[in-house]
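Notes to accompany the following structure.
Note that the structure is predicted; figures quoted are calculated from it, not measured. Start at 1 and go down the list; that is how both ligands and their atoms are numbered.
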Amino acid sequence: MSDTVEVRCPYCYEALELWVDPETRGGFVQDCDVCCRPWQVYVERDPEDGTLHVSVQRAQ
Ligand SMILES: [Zn+2]
């Protein structure tokens, strides 16, 4: 099982599909496909139903 979520780039404001590995938890850095600037991505999953929660911020 894998998931894609729609996220909005905090730099160029493009809406993009982000693929999240089923094993991924916590934070990682990924470059925007459009403007190539770094996102700090945080991934959480609901322990009850597995619902994916993703937030994207500008990486420092
Ligand atoms: Zn961007």
Exercise for review: For the residue pair Pro10 and Arg58, establish whether any side-chain heavy-atom pair is separated by less than 4.5 Å.
Suggested key: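 Side-chain contact under 4.5 Å: yes.
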Review point. So, for Thr24 and Arg45, which heavy atoms are closest and what is the spacing to 0.1 Å?
Key: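 For Thr24 and Arg45, the tightest heavy-atom pair comes out as O-NE, 4.3 Å.
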Expected list for residues 25-43: side-chain donor-acceptor pairs under 3.5 angstrom, two or more places apart:
| unit_1 | atom_1 | unit_2 | atom_2 | d |
| --- | --- | --- | --- | --- |
| Arg25 | NH1 | Pro22 | O | 3.1 |
| Gln40 | NE2 | Phe28 | O | 3.4 |

Point to revise | Qualifying side-chain hydrogen bond (donor to acceptor under 3.5 Å, both in side chains) pairs, either residue in residues 8-17, two or more places apart | key: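 For residues 8-17, and leaving out neighbouring residues, the side-chain hydrogen bond (donor to acceptor under 3.5 Å, both in side chains) pairs sorted by first residue read Thr4-Glu17.
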Exercise for review: Everything protein-side that's N, O or S and under 2.8 Å from the Zn ion (ligand 1): list it, residue and atom.
Suggested key: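 You should have found Cys9 SG, Cys12 SG, Cys32 SG, Cys35 SG.
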Point to revise | All side chain to side chain contact (heavy atoms under 4.5 Å, CB included) counterparts of Asp49, not counting sequence neighbours | key: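 Result, side chain to side chain contact (heavy atoms under 4.5 Å, CB included) vs Asp49: Asp46, Thr51.
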